[in-house]
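In what follows, a structure is listed as structure tokens, so that the remarks can point back to it.
Whatever order the structure lists ligands and atoms in, that order sets their numbers, starting from 1. Here the structure is a predicted model, which means the values were calculated and not measured.
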Amino acid sequence: MNDFIAIANYSSEELQELLDVAVSLKNEWKNEGNQPIFKNKVLAMVFQKPSLRTRVSFDMAMRHLGGDALYLSPAEIGLGKRESIADIARVLSGYVDIVMARVFDHAHVEELAKWASIPIINGLSDYNHPCQGMADALTIYEEYGYMKGLNVTYIGDGNNVAVSLLHVCAKLGANFTAATPKGYEMPAPTIELGKKFAAESGSSVTELYDPHAAVKNADVIYTDTWTSMGQEEETHKRQAVFPPYQVNAGLVAEAKGSAIVMHCLPAHRGEEITDEVADGPHSRLFPQAHNRLHAQKAILVKLVQ
Ligand code: CP
Ligand code: NVA
């Protein structure tokens, strides 16, 4: 594993191994604390968009492992504007040990990886959010003890978070169903890839428009914002389309009684999810956010091994 750019790039075995490492690092942290295996190692965190979870969890992950992290704000390096991505990648390669980048255009994180001689981690792009996907899988795995055969339903916008969730589910054998409004489906190539992975793992991928049909028999209900970062000018248009896709108590009651509700956060309470659900007994929103820390430690360790 040289970089961590998209879930689709890794085999089921590699993803399972990452999960196993995440579980063991989490246990180690809870018991005696993590070993300082990253002493003198530094992660540069390049952000083109705001962040709470990604920024703090990567910084803390490095500290837990005895290393350090540098935050580079959206205004700071002007990825591809102040300086070319190829030049930034080669300069950072001489200063730090790993780079995590949150970008608008997925091609930009790929470009960083192409030119850097150190590992590059995708901290969210318009295509996917692989670190989130690993934290999501860890959360589901902790809840149920397995992924194979579970029914994971994504409700809402067919966005970057949905793509990582689809691919990690399909790779690890969970059945994935998405219910999106017409015009907001997941990109066709990501569905095709998901179907290929699902065929290999013996699971299924289903695309629907009806959220009620989608949550039937769900073990996991997942939602995300209706308007992702960079799409702000579409907010009003989307607010008119998405209300039937709100994850509220009525919709959750149509899933299995044991179903858990997930959201990558930040949540727009009262839009894609109600307070009642976000703060209710089915919610795993905060353990899920906390698992970013442990999933990312595993990614960092695998990349620097
Ligand atoms: N889920 C997530 O990536 O959150 P941030 O945007 O706060 O990093
Ligand atoms: N889909 C959201 C996820 C934020 C973590 C976005 O891209 O803004």
Side-chain angles (χ1 to χ4, degrees), residues 4-7 22 43-62 69-74 79 99-109 121-140 154-168 178-181 184-187 190 220 222-235 237-239 241-242 245-247 261-269 271-273 278 283-297 299-300:
F4 197 72
I5 303 289
I7 297 280
L43 168 77
M45 306 190 291
V46 175
F47 282 94
Q48 287 191 305
K49 300 174 183 172
S51 169
L52 169 65
R53 280 143 291 270
T54 305
R55 176 180 177 177
V56 179
S57 58
F58 264 109
D59 193 329
M60 291 309 297
M62 287 302 290
L70 292 174
Y71 171 69
L72 297 158
S73 76
L79 206 73
V99 173
M100 186 279 296
R102 166 167 286 192
V103 300
F104 284 99
D105 185 346
H106 186 69
H108 290 172
V109 73
I121 299 173
N122 180 2
L124 177 140
S125 65
D126 59 354
Y127 169 55
N128 78 347
H129 195 358
C131 299
Q132 183 69 55
M134 291 314 298
D136 297 343
L138 176 60
T139 309
I140 297 170
Y154 178 88
I155 305 282
D157 185 24
N159 65 15
N160 44 9
V161 166
V163 169
S164 290
L165 185 68
L166 159 64
H167 288 165
V168 83
T180 65
Y184 296 92
E185 298 89 350
M186 299 177 64
T190 69
V220 177
Y222 197 119
T223 191
D224 184 17
T225 181
W226 296 338
T227 305
S228 285
M229 291 179 277
Q231 301 172 332
E232 287 78 8
E233 75 287 355
E234 294 178 25
T235 302
K237 188 176 136 207
R238 286 168 176 263
Q239 277 167 342
V241 171
F242 278 91
Y245 294 82
Q246 182 185 68
V247 175
V261 174
M262 298 175 66
H263 188 312
C264 64
L265 302 177
H268 301 77
R269 287 163 174 260
E271 293 194 358
E272 75 273 6
I273 192 165
S283 171
R284 295 296 180 274
L285 269 53
F286 299 106
Q288 179 189 359
H290 298 158
N291 275 337
R292 292 289 301 276
L293 186 55
H294 310 292
Q296 288 159 195
K297 269 188 228 174
I299 294 165
L300 290 164

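Remark: ligand 2 and Leu124 share no N or O pair separated by less than 3.5 Å (distance only, no angle test). For the pair Asp224 and ligand 2, the shortest N or O to N or O distance falls below 3.5 Å. At a 3.5 angstrom cut-off on N or O pairs, Asn159 counts as close to ligand 2. By the 3.5 Å distance cut-off applied to N or O atoms, Lys49 is not counted among the residues near ligand 2. In terms of N/O distances under 3.5 Å, ligand 1 is approached by Cys264. Backbone and side-chain nitrogen or oxygen atoms of His129 are examined, and none is located within less than 3.5 angstrom of a nitrogen or oxygen of ligand 2. Of the N or O atoms in Gln132, one or more lie within a sub-3.5 Å distance of an N or O in ligand 1.
Closest heavy-atom contact between Gly123 and Thr54: O-CG2, 4.0 Å. The two residues Leu285 and Val261 have their closest heavy-atom pair at CD1-O, 3.5 Å. For the residue pair Thr180 and Gly158, the shortest heavy atom distance occurs at CG2-N, 3.9 Å.
From the protein, the heavy atom lying nearest to atom 7 (O) of ligand 2 is Asn160 ND2, 2.9 Å. The single protein non-hydrogen atom nearest to atom 4 (O) of ligand 1 is Arg53 NE, 2.8 Å, given as residue, atom name and distance.
Inspection of the Tyr127 and Asn160 side chains reveals no N or O donor paired with an N or O acceptor under 3.5 Å. A donor-acceptor contact closer than 3.5 angstrom links the side chains of Tyr154 and Asn159.
Interatomic distance, Gln132 CD to Asp224 CG, rounded to the nearest 0.5 Å: 8.0 Å. Between Leu72 atom CG and Phe47 atom CZ the span is 9.5 Å, to the nearest 0.5 Å.
Within ligand 1, counting atoms from 1 as listed, the ones closer than 4.0 Å to a heavy atom of His129 are 2 (C), 3 (O). The distance from ligand 1 to the heavy atoms of Leu52 drops below 4.0 Å at these ligand atoms: 5 (P), 7 (O), 8 (O). The distance from ligand 2 to the heavy atoms of Met229 drops below 4.0 Å at these ligand atoms: 4 (C), 6 (C), 7 (O), 8 (O). In the vicinity of Arg102, heavy-atom distances shorter than 4.0 Å reach the ligand 1 atoms 2 (C), 3 (O), 5 (P), 6 (O), 8 (O).
The aromatic rings of Phe242 and Tyr245 sit perpendicular to each other, their planes meeting at more than 60°, with 30° as the lower class boundary.
In this structure a side-chain-to-backbone donor-acceptor pair under 3.5 Å is present from Gln231 to Ser228. Gln246 places a side-chain N or O within donor-acceptor distance of the main-chain N or O of Glu271, the cut-off being under 3.5 Å. Side chain of Thr190 to main chain of Val163: no donor-acceptor pair is present (N/O by atom type, distance under 3.5 Å, no hydrogens or angles).
The side chain of Arg292, and not its backbone, has at least one atom closer than 4.0 Å to an atom of ligand 1 (non-hydrogen atoms only; side chain from C-beta on). Heavy atoms of Leu265 found under 4.0 angstrom from ligand 2 belong exclusively to the backbone.
Contact analysis puts Leu265 in contact with ligand 1, with a non-hydrogen atom separation below 4.0 angstrom. By the 4.0 Å heavy-atom criterion, Lys49 is excluded from the residues contacting ligand 1.
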